[in-house]
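Take a look at the structure set out below.
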Amino acid sequence: MSINLLKGFEFRKKETPVHSLDPRTKLAVTIMYTIMSLAFSRPMPLVFFMLTLLPYMIVGKITRRWLASMKGLWLILSFILVLNTLLTSLDFAISMSLRVLLLVSAFTVFFMTVHPDDLALALLAMKVPFSFTFTLTLATRFMPTLAREAQSIMDAQRSRGLELESGGIIKRVKNMVPIIIPLIIQSIKRAFSVAEALESKAFGASKHRTNYFEISMRKRDWFVLLFTLLFVISFIVLYHLPLLPPVFYFRIPY
Amino acid sequence: MIEFRSVSYKYPDGPLALENVSMIIEQGCILALVGKNGAGKTTLVKCLNGLIKPTSGQVIVNGKNTRDASVAELSKTVGLVFQNPDNQLFSPTVRDELAFSLKNRGTREEDLEPLIDETLKEFNLVHLKNRSPFLLSGGERKRVAMASLACMKQPVLVMDEPTQGQDGTQKRNLENMFRRLQENGRTLIIVSHDVDFVARLANRVIVMEKGHVLVDGSVEDAFQSRQHLDVEHLVPTQELELKWFHGMKHGNVQGLIRMPRTEFFKEIRQRIR
Ligand SMILES: Nc1ncnc2c1ncn2[C@@H]1O[C@H](COP(=O)(O)OP(=O)(O)OP(=O)(O)O)[C@@H](O)[C@H]1O
Ligand SMILES: [Mg+2]
């Protein structure tokens, strides 16, 4: 279940206008969406922003993969929904679920269309230290590997007669032990071997690294950036004046 | 008994890994699956206990379609040991690792220890019984993984690369043990790149290529000449080349291929004299 979610962070090379945008543009857009998802706690604005992500996903040809990865979110979402409905209100519960959905979607779209190396270049261009950007690239690079590994471990344990789909909550949690432990151990092992490999490739030996590829902001990057920024600012202003149609202020009466 | 009926499988976002595979695997044989990397061996093996349900066609295990049974249920008939032992080891000691499998199977407490000790002895692991599986060598971990499945005494035992990382002594030990298992009526399916190991042990060899069965026959059929191995994308070992050479000279290739190494060399020595 959560494996689907991890797959949402996997980059696939594609030739689309979204993929060819500068990584900094996409990073800025993602950050704007993050701010919007945190700035609003009513259902309608969040639904609206979710909808504005759609054209982006359609042009980037990742709608189907986005849907698949969202399947991994249902457990967390239903948890948020139930708990908040019980403790506060349905309106708030739905808003919070939408917030998580929007947040995760924004990042999924980002990671699905930005190659980890481009992300590193973008951060470097923004004067982030190399050791930090490199750690981040490595982490994103290993997400799908982790997902695949979790799958193999589950397969291996099921072959030994471990039943993952049956039993009560306690049994299910207990059943996760034979999955989690090999996963952690393999991750630690890999961390060590990656570190050794890095050192044997003279990581950090020279202060001045050179890059083979350069990134550059083009006209359309500025266009997308300004457009999104204007859109977001005008939405906030209009929302608070309040000048938007009444549907944006709709509240679930419970 | 296991039957594949025109089985095809395509990974959701990958290639066609099995293409129209049909075969019957009789009880009590040692079947070797060989073929180059990516040929579809692991995929085929995963069909046996229902981890992979064919995209089309059926896999029948003991009269039951794998589509209609859970993996846990099928794992009572088919034990599958994965290529990478690290995918399954998680217990604090080697003993607990075996106990976990046995408990999954519903073994009673009082039967636990005898079964564990018996299996550990077969796999040369007695001295490691109370050690942590994570602190063992690669070859030892591989044996623990095999033991943790073999102890369940399934009628069919499938092993992906059992000789990987095993030294000469352990390999010979495995060979003898697999024979013993066969004598006890268990079916063994072995995926291997180890030509000598397969040649000495198997009753039947299936060579896979690009998802389909290229050759299906006896060891003598599959390994009879260099041309055959070239087509099968296998590299002959020196031992096999010597056997071909001497076999051709004396018109007895078939008789030599399976012969254990020591016996073969004894014979050569006699012929030279
Ligand atoms: N989880 C997966 N998703 C997509 N494609 C896969 C997956 N696992 C295997 N494949 C592909 O299916 C084909 C068959 O793979 P398989 O693992 O069965 O090969 P194999 O014969 O076991 O190879 P090896 O000797 O390297 O173990 C390969 O082309 C491989 O790339
Ligand atoms: Mg394999």
Side-chain angles (χ1 to χ4, degrees), chain A residues 3-4 6-14 61-69 71-72 112 144-167 171-193, chain B residues 11-14 42-43 45-52 70-92 96-107 132-135 138 141 145-154 156-160:
Chain A
I3 289 166
N4 285 329
L6 284 178
K7 278 191 185 146
F9 292 92
E10 189 178 14
F11 172 81
R12 293 254 180 86
K13 199 169 164 52
K14 272 187 185 151
K61 294 190 182 149
I62 52 167
T63 327
R64 201 195 290 220
R65 283 183 57 219
W66 166 76
L67 271 175
S69 80
K71 275 191 215 143
M112 277 184 179
T145 312
L146 201 67
R148 219 164 296 143
E149 221 164 66
Q151 187 66 56
S152 323
I153 293 172
M154 275 158 71
D155 283 354
Q157 301 297 32
R158 289 205 303 158
S159 308
R160 290 169 81 185
L162 180 70
E163 292 197 55
L164 289 171
E165 297 92 353
S166 71
K171 178 137 186 280
R172 279 183 194 222
V173 171
K174 225 173 130 190
N175 279 348
M176 290 314 281
V177 174
I179 311 290
I180 304 280
I181 292 184
L183 198 59
I184 294 176
I185 299 228
Q186 287 198 39
S187 304
I188 295 174
K189 268 191 187 167
R190 191 175 38 238
F192 277 114
S193 60
Chain B
Y11 281 98
D13 45 6
T42 301
T43 311
V45 159
K46 280 186 181 171
C47 289
L48 293 168
N49 68 352
L51 281 173
I52 283 180
S70 73
V71 177
E73 206 178 326
L74 287 164
S75 73
K76 288 181 184 162
T77 314
V78 181
L80 172 56
V81 189
F82 275 64
Q83 215 160 343
N84 179 2
D86 293 337
N87 279 347
Q88 54 159 288
L89 302 178
F90 74 100
S91 305
D96 293 344
E97 201 61 58
L98 270 63
F100 172 77
S101 303
L102 289 168
K103 284 181 190 157
N104 281 339
R105 214 195 154 165
T107 311
S132 159
F134 304 114
L135 301 177
R141 278 205 302 277
M146 287 193 267
S148 76
L149 269 122
C151 67
M152 295 164 83
K153 307 243 179 243
Q154 309 89 336
V156 183
L157 195 56
V158 189
M159 275 161 291
D160 211 340

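Every chain is numbered from 1, with letters handed out A, B, ... down the list of sequences.
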*asked:* side-chain contact (heavy atoms from CB on, under 4.5 Å), that's the test. Do B:Asn87 and A:Asp155 meet it? Break it down for me.
replied: CA-CA 9 Å; B:Asn87 279 347; A:Asp155 283 354; over 6 Å; no
*Given a strict heavy-atom distance threshold of 4.5 Å, which part of B:Ser148 is in contact with chain A: side chain, backbone, both, or neither?*
both
_Ignoring hydrogens and geometry beyond distance, is a side-chain donor-acceptor pair present between B:Thr42 and B:Asp160 at under 3.5 Å?_
yes
*What part of A:Ile185 is in contact with chain B, defined as an atom under 4.5 angstrom from a non-hydrogen atom: side chain, backbone, both or neither?*
side chain
*Heavy-atom distances under 4.5 Å only: say whether B:Asp86 touches chain A with side chain, backbone, both or neither.*
both
_Using heavy-atom distances under 4.5 Å, tell me whether B:Leu89 contacts chain A through its side chain, its backbone, both, or neither._
backbone
*Given that the side chain runs from C-beta out, which part of B:Lys103 has a heavy atom under 4.5 Å from chain A: side chain, backbone, both or neither?*
neither
*Walk me through it: do A:Glu149 and A:Arg190 pass the test salt bridge (charged side-chain N to carboxylate O under 4.0 Å, His left out)?*
CA-CA 12 Å; A:Glu149 221 164 66; A:Arg190 191 175 38 238; 2.8 Å; yes
*Using only heavy-atom distances, determine whether the side chains of A:Gln157 and A:Arg160 contain a donor-acceptor pair under 3.5 Å.*
yes
*Measure centre to centre between the rings of B:Phe90 and B:Phe134, then say whether the value is under 6.0 Å.*
no
*What part of B:Glu97 is in contact with chain A, defined as an atom under 4.5 angstrom from a non-hydrogen atom: side chain, backbone, both or neither?*
both
